[in-house]
Amino acid sequence: MKDNGKQLMNDTRKISRGMVFRVIGGLCLAIFLLSFPHIFTSNYLRNLAILTCMWAIGGQAWNVLSGYGSRYSMGHAIFFGLGAYSSAVLFTKYGISPWIGMIIGMLVSSSISVIVGFPTFKLTPAYYGMATLGFTFTLQAVFLNWRWVGDSRGVFMPLLRKSSILDFQFANNKTQYYYIVLFLLVLSYLLVYKVSKSKLGFYIRAMKEDELAAQSLGVDVMKNLQIVGIISASLASVAGTFYAQYMLYVDPMSVYNSITSNNFILSATLGGIATIAGPLIGAIIFIPTGELIRGWIGGSGKAFDQMLWGFVIILIAIYRPSGILGWFKEHAKFFSGISKWMKEPIVRSNHDNSRM
Amino acid sequence: ADDTVKIGVVYPLSGNQALTGFEYRAGCELAEEIINNEHPEWAPLKFAETAGIPALNGKKIEIVYGDSQATPERGQNEAERLITQEGVVALIGAFNSSVSTTASQVAERYGIPFICDSASSPTLTSRGFQYFFRVFGNDAIFVENLFTAMREEADKDTSREYKTVMVLNENSLWGSDVADIAKLVAPKYGFEVIDQISYPSTTTQVNSEVQRVIAKDPDILFQASYVADAMLFMRTFKEQKYTPKMYVYADGKPLNFSYRETLGPDGWWTVFRTVYSKKDAPFVKPITEDYFAEHYPDLKFNENQGSVITSVQVLVDAINRAGTTDPEKLREALTQTDIKGEEIILPFAGVQFDETGQNILARAIVVQAQEDFKFVNLWPSEMKNGDYVPYPSWEER
Amino acid sequence: MMLLELKSIRVQYSEIIALHEVSLHINEGELVAVIGSNGAGKSTMLRAICGINRLSSGEIWFDGKKISSMKAFKTVEMGISHVPEGRRLFPRMTVYENLTLGAWTKRKDTIYIQQQIEKVYHLFPILKERASQKAETLSGGQAQQCAIGRALMCSPRMIMFDEPSLGVQPNIVARIFENIQQINQQGITVLLVEQNVKRALDLADRAYVLQTGNIVLEGTGTELMKSVMVQKAYLGI
Amino acid sequence: MTILECKHIYKKFGGITANNDVNISIDEGEMVGLIGPNGSGKTTLFNCISGVYKIDSGEIIFRGNAIQKLPPHRRTPLGIARTFQIVRPFKALTVLENVMIGSLLKSKSPLEAEEKAREIIEFLGMTKYIDYTGAHLTLAYKKRLEIARALATEPYILMLDEAMAGLNAAETKEAVEFVRKINDRGTSIILVEHVMEVVMPLSDRVYVLENGKVISQGLPSEVSKDPLVIEAYLGGE
Amino acid sequence: MGALYALVASGLSLIQGLMNIINFCHGDLVTISMYTSFLLWSVFKMDPLVSIPVCIIVSTLVGIATHKLIISQVLRSPSSFGQMFSTYGLGILIASTLQFVFTPNYRSVLNPFVEGSISIGAINISKPLLFGAVGALLAYGLCYWFIRRTPEGQALQATEQDIDAAKMMGIDTEKMFLLGWTISGFCVGTAGALLTNFYYIHPYVGETFSNISFVVVTLGGYGSFEGSLIAGLIVGVVETISGYVIGPQYKLIPVYLTYLIVLMFRPRGLMGRR
Ligand SMILES: Nc1ncnc2c1ncn2[C@@H]1O[C@H](COP(=O)(O)OP(=O)(O)OP(=O)(O)O)[C@@H](O)[C@H]1O
Ligand SMILES: Nc1ncnc2c1ncn2[C@@H]1O[C@H](COP(=O)(O)OP(=O)(O)OP(=O)(O)O)[C@@H](O)[C@H]1O
Ligand SMILES: CC(C)C[C@H](N)C(=O)O
Ligand SMILES: [Mg+2]
Ligand SMILES: [Mg+2]
């Protein structure tokens with residue numbers, strides 16, 4: 001009993017110190033993110049930041065289902081594409097505000113998620129992965145031939161000359177795009193944070209380990225998977241809507257492909273799966289590195305940049321397979337404060353066990 | 001401060017269209033050579049005799065490359081980088097119409113001229129952009145040119161009857177546009193489009209497409225394909241021993257090095273359009289055969305180099321007239337572009353932009369690849385240098 | 001003659017030390033039992049011997065050869081067989097296939113395999129009955145029998161049992177112990193880890209007591225049975 | 001009052017009838033032992049009751065309601081909990097989190113669940129391991145974790161499938177104690193064990209299965225004398 | 001074509017099952033094999049059919065090197081994401097290296113030994129395709145026999161199911177991994193050489209086959225060797241038939257539709273296991 005009390009006290013002290021770090025760390029990050037476009041006035045960097053945030057949202061979307069949850073999606077491009085198309089088509093055809101398009105995109109994505117999930121959630125994760133991958137190509141084939149959504153030509157959105165929040169367009173001003181994507185990012189991360197701490201969050205992590213055992217403890221596996229699937233699809237769809245409105249152009253070949261999905265996966269895995277900050281950190285490293293490598297030595301037509309990029313990915317895989325956050329966790333002593341903040345508060349184990 | 005004028009280009013330099021990007025890159029290097037160094041032997045090619053940009057005291061140009069990997073997102077990103085990081089005065093590119101869409105939109109936002117040297121989708125000039133100039137023709141123009149030529153040849157060839165057309169197109173933006181326009185204009189030239197097949201260019205087998213063509217047996221096969229799939233089709237046609245009465249490509253397939261190497265005689269006798277053909281201009285042979293062959297043994301000079309060189313010339317000409325690289329003045333100067341046909345390597349009547357930014361003097365040359373890939377111009381009449389040979393069946397070869 | 005010798009071996013799972021400094025030896029033909037409470041490190045020790053778990057320090061010698069840095073499959077070739085904790089059958093293979101794989105090191109000799117399988121069937125008749133059932137659908141005790149059978153397939157020099165009676169019905173438990181004894185009498189060295197301490201000590205020539213990663217006691221079976229500490233901690237007397 | 005009643009349960013796997021007209025009933029607060037040879041259908045019966053398997057025919061009445069049609073996750077909230085013979089801990093989750101998955105079922109918030117979980121963990125004497133992840137426990141503690149998890153769902157009836165196997169006599173004693181304590185709190189328990197030292201003293205009544213059929217039932221003392229049971233299961237000792 | 005799909009997919013299925021990872025660079029191994037075949041043709045005028053053994057050796061070696069240099073490094077980590085990550089990176093590396101070495105030009109073998117077509121009645125069947133199909137089926141049969149009928153095949157499956165237990169049986173699991181890559185290399189090498197007979201080669205051609213393989217593997221059932229064959233054939237046949245019946249532009253849709261329908265009713269794939 002005595003022992004216990006001491007431990008509890010110890011715990012509270014640790015937590016409160018962790019809290020301090022968390023607050024400080026959080027504040028620093030917040031200030032940095034908020035002031036980014038003012039520190040870096042180069043529009044190219046802002047553009048990179050915007051794309052990074054966009055992929056980070058997608059990475060988080062993937063992370064909910066495939067990092068925390070147990071269904072390894074290889075085709076989140078499906079939802080990304082549906083989000084992009086929903087807003088683009090509604091906006092160009094009916095002048096409906098992309099914000100509404102975003103919501104409709106989320107609805108469409110969610111329904112597709114439910115439909116795809118219905119048969120495949122029952123099976124092992126690999127099946128879901130393969131199914132979503134196959135579905136990506138299916139959608140690609142369908143959209144390539146579907147006249148109403150612009151078939152292979154894609155959807156061109158008009159370039160409006162004046163900024164308007166309602167129309168999701170900002171003439172020549174990256175800052176506003178940045179804040180919007182940041183807002184969406186924060187929103188999605190808050191959502192996932194909430195989820196990870198909720199009953200649902202616990203359940204999906206348990207289901208990831210052992211579905212039968214979870215079921216025997218009263219967890220409705222299908223229902224929970226579907227809910228997570230919906231959340232995940234919606235988030236990916238939001239990233240897609242942003243993509244469409246930012247590029248002002250969508251076409252089937254470039255949204256419904258495995259590169260899109262892989263960007264999500266790689267962001268999340270590089271940062272550290274099943275962590276809140278992971279996808280963002282992964283995207284911050286992954287997306288700009290890819291762009292910078294291409295910017296520096298690309299363009300020769302000799303594919304040096306791609307060779308280097310492939311090489312970098314392999315090195316990361318070999319030396320940091322558990323993700324950046326995993327590395328932090330391994331060196332927890334030095335980073336105890338930081339890692340406290342990164343881990344969920346309830347997990348106090350130092351054992352990283354991120355097997356899927 | 002800078003001692004060069006930077007020009008940004010965006011091409012698919014890696015990824016599965018890297019080959020094309022490669023060809024454009026060669027064109028860019030050639031363009032730099034033409035502008036920056038004195039090549040009196042290449043006169044009257046514009047800016048060949050002078051070194052650098054005359055109005056800027058011989059300031060040299062420098063081309064900065066961006067790799068789109070043929071994806072719109074990368075294209076957008078590269079445009080952004082070239083403009084804000086590299087400080088280019090204008091962009092040229094971007095081969096794929098989809099990439100051109102997003103890249104030109106970035107340029108438009110920044111008020112930087114975008115010179116389109118290669119993407120041919122008509123949609124691009126219908127967006128009301130002010131900084132978008134297409135030196136290249138668009139598919140509407142090209143398809144009309146092709147059909148005009150087809151009509152003429154069909155009328156001349158009394159041995160056969162040419163009535164029906166079948167359109168075979170890859171299903172990305174370019175192929176679909178071409179197909180739509182073809183269906184639209186065919187009746188005007190007295191042809192009937194009996195069927196259209198579109199297919200994904202990454203397809204691994206085209207047997208069913210070919211079977212369908214055989215079933216419909218059109219007089220004229222009108223095909224818009226990328227290189228790999230075009231080769232696949234030709235091989236499959238050969239296997240199935242099928243020939244139409246006339247085989248037309250909507251672009252310059254037989255000019256492609258791989259195409260010629262791979263298909264050899266099987267690729268002869270096809271009709272295609274190009275915007276490059278050996279003109280009688282004095283500089284053509286020295287550049288395309290002597291200089292180019294020496295520096296790029298792997299490649300053959302074709303319309304891709306031609307159009308990028310011309311685009312660079314157009315841009316430099318505008319800078320030269322404006323006397324500055326200020327984007328607004330540059331735009332102004334570009335709208336007033338008036339370059340004569342003999343000053344450029346492309347066989348256009350010249351370069352003049354209409355209010356949408358389309359070069360109204362762009363046109364195609366319709367060519368037939370004859371024996372040993374001897375290219376015989378069929379149209380326009382002032383360039384005609386040979387007669388059309390009806391497409392022979394496989395047994396006749 | 002000493003067949004197996006552990007020289008102060010240490011085994012870690014990342015930061016957790018499962019075995020601190022364990023030294024023990026087994027003579028040729030002996031039946032040695034290792035007892036210890038949960039988490040003492042018994043299974044870890046067996047896994048270390050057959051090369052599945054790596055040592056952080058110390059050495060293992062078998063038959064005059066150092067085996068501590070050998071790959072697991074080599075130790076099997078040297079004649080160490082292992083009935084692992086949790087059975088570890090190949091779930092999507094039939095009982096028959098599982099048994100054949102047990103004789104992997106002698107895979108060329110089909111006649112031998114057939115004979116050996118017959119022996120195992122004789123020992124555990126249920127296995128013959130279920131020869132073509134997939135291992136994952138066996139009941140717990142059936143699976144245990146299959147695992148033992150599989151380990152016998154390669155006629156090993158030494159066989160290590162990790163709690164062979166776990167989940168097996170009482171009359172078969174008796175048979176298993178009888179069998180272990182028989183195996184031992186045939187000259188095969190046996191290393192037995194068992195929670196059924198009384199039975200194990202009855203059977204064993206010698207025994208060790210393992211406690212939180214350390215050997216704390218060693219002696220003949222009867223000696224240990226009389227030890228107060230063993231009585232208290234393991235026999236619950 | 002009867003809390004669970006199984007009527008004429010049939011369950012077939014291909015040619016094997018794992019449960020063949022099984023009838024059993026458990027009263028509120030009762031502790032019932034279920035024994036039988038390996039493969040006699042005990043685990044299968046648990047799986048039928050908890051809903052992992054759909055029964056071929058028969059009826060399962062729990063507190064007056066037929067539940068045989070409900071999926072497993074709908075049965076647990078009614079108050080049926082079970083452990084798995086082959087343990088299935090959530091490997092990457094800590095002991096606390098493992099138990100919380102159970103306690104979340106009847107809690108409004110994770111916080112409340114955490115509190116309940118801590119209580120149960122202490123009750124089962126696992127506080128020392130509260131931060132261990134499931135993968136890092138030894139088998140016996142994994143089994144105890146299974147009990148903790150099941151208990152956390154606040155069941156009326158707890159089905160323990162060899163939850164005390166793999167313990168030595170002293171540990172078994174301890175385990176028997178807390179199982180009894182659980183029972184004393186009013187939870188009915190069905191107990192599957194092959195260790196008679198556990199089943200007999202604990203159980204109020206015992207059922208014996210063989211080949212999917214109930215061959216004997218009654219007080220522990222009666223059953224252990226039943227020649228049928230001795231023949232099929234206990235063996236002549 | 002279907003048979004070739006099946007062959008490529010079987011290799012993928014095997015490796016994925018064995019390593020329990022999703023292998024992103026499988027298609028690129030096909031590309032390597034195709035380039036090998038091309039290189040032999042252009043330097044030694046060796047016909048693609050003749051170069052099959054060399055292609056097998058090369059793709060096997062590349063597979064083994066992949067395993068030794070990369071996968072086995074990554075296998076030690078607790079997370080299987082590292083493995084997928086590395087195969088993805090490797091795919092990029094291979095494709096771009098090939099682009100560097102061979103330039104992005106489309107290549108193809110001219111005048112191969114099997115060329116043209118044979119006519120049966122009104123139908124002309126392409127000889128290279130026919131050869132491809134027969135060759136692929138033979139190669140598949142060989143693999144099948146090996147995996148299902150030899151002790152080594154059994155050991156391979158055992159390793160797939162429980163690697164530690166396999167070690168305890170005295171199976172050299174490291175060798176088994178290499179064996180797995182070898183078989184996969186055999187499939188891929190053969191397929192690549194057969195493809196070279198009629199298909200063009202460029203650095204990114206592998207992607208096409210990679211994508212189809214994923215579909216085939218799922219359709220057939222993850223981890224089922226037999227399933228890959230059937231699914232590969234189905235994909236090939238459906239693709240061709242629907243090309244005739246409802247128009248070539250839509251030919252992929254029925255393929256995917258079949259796939260989705262199978263998924264709905266037999267979510268485990270045609271012959272999948274749990
Ligand atoms: N895979 C693993 N990862 C980390 N720690 C482990 C692992 N396996 C065992 N351990 C730890 O090593 C120690 C020894 O475990 P081991 O399984 O060898 O004990 P044991 O004596 O066999 O116990 P039991 O009687 O329960 O089988 C324990 O503290 C356990 O928590
Ligand atoms: N999924 C299944 N498919 C086929 N047969 C099965 C399946 N599950 C169990 N069986 C068979 O049903 C019978 C009953 O098995 P069960 O697991 O219920 O036995 P048990 O009484 O729990 O035995 P033990 O004491 O060994 O755990 C066994 O013969 C077993 O092989
Ligand atoms: C083949 C080319 C003419 C294609 C065209 N440049 C396009 O729009 O993509
Ligand atoms: Mg143990
Ligand atoms: Mg059982």
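Below, read A as the first sequence line, B as the second, and so on, with proteins coming before strands; counting in each chain starts at 1.
Nearest heavy atom pair, residue A:Arg205 against residue D:Glu97, reads NH2-OE2, 2.9 Å. Of all the heavy atoms in D:Ile101 and A:Phe202, the pair that sits closest is CD1-O, 3.3 Å. Listed here is the closest heavy atom pair of D:Pro110 and A:Lys199: CG-N, 4.1 Å. In plain terms, the two heavy atoms of D:Leu105 and A:Leu217 that are nearest each other are CD2-O, 3.9 Å.
Heavy-atom contacts from other residues, nucleotides or ligands closer than 6.0 Å to CD of D:Glu115 number 12 or fewer. Within 6.0 Å of the NZ atom in D:Lys106, the count of heavy atoms belonging to other residues, nucleotides or ligands exceeds 12. Shown here is D:Phe123, whose CZ atom has more than 12 heavy atoms of other residues, nucleotides or ligands within 6.0 Å. Under a cut-off of 6.0 angstrom, the local environment of CZ in D:Phe178 is crowded, with over 12 non-hydrogen atoms contributed by other residues, nucleotides or ligands.
Chosen from A:Gly201, A:Ala213, A:Ala214, the residue pairing most often with chain D at heavy-atom distances under 4.5 Å is A:Ala213.
Heavy-atom distances place the backbone of D:Ser107, and not its side chain, under 4.5 Å from chain A. At a 4.5 Å heavy-atom cutoff, D:Ser50 makes no contact with chain A through either its backbone or its side chain.
Taking OG of A:Ser216 as the reference point, atom CE of D:Met159 lies at 9.0 Å (rounded to 0.5 Å).
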Run the numbers on D:His73 and A:Val221 for side-chain contact (heavy atoms from CB on, under 4.5 Å), then give the verdict. CA-CA 8 Å; D:His73 61 85; A:Val221 171; over 6 Å; no
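Listed by chain and number, the residues in a ring pair (Phe, Tyr, Trp, His ring centres under 6.0 Å) with D:Phe84 amount to none (sequence neighbours excluded).
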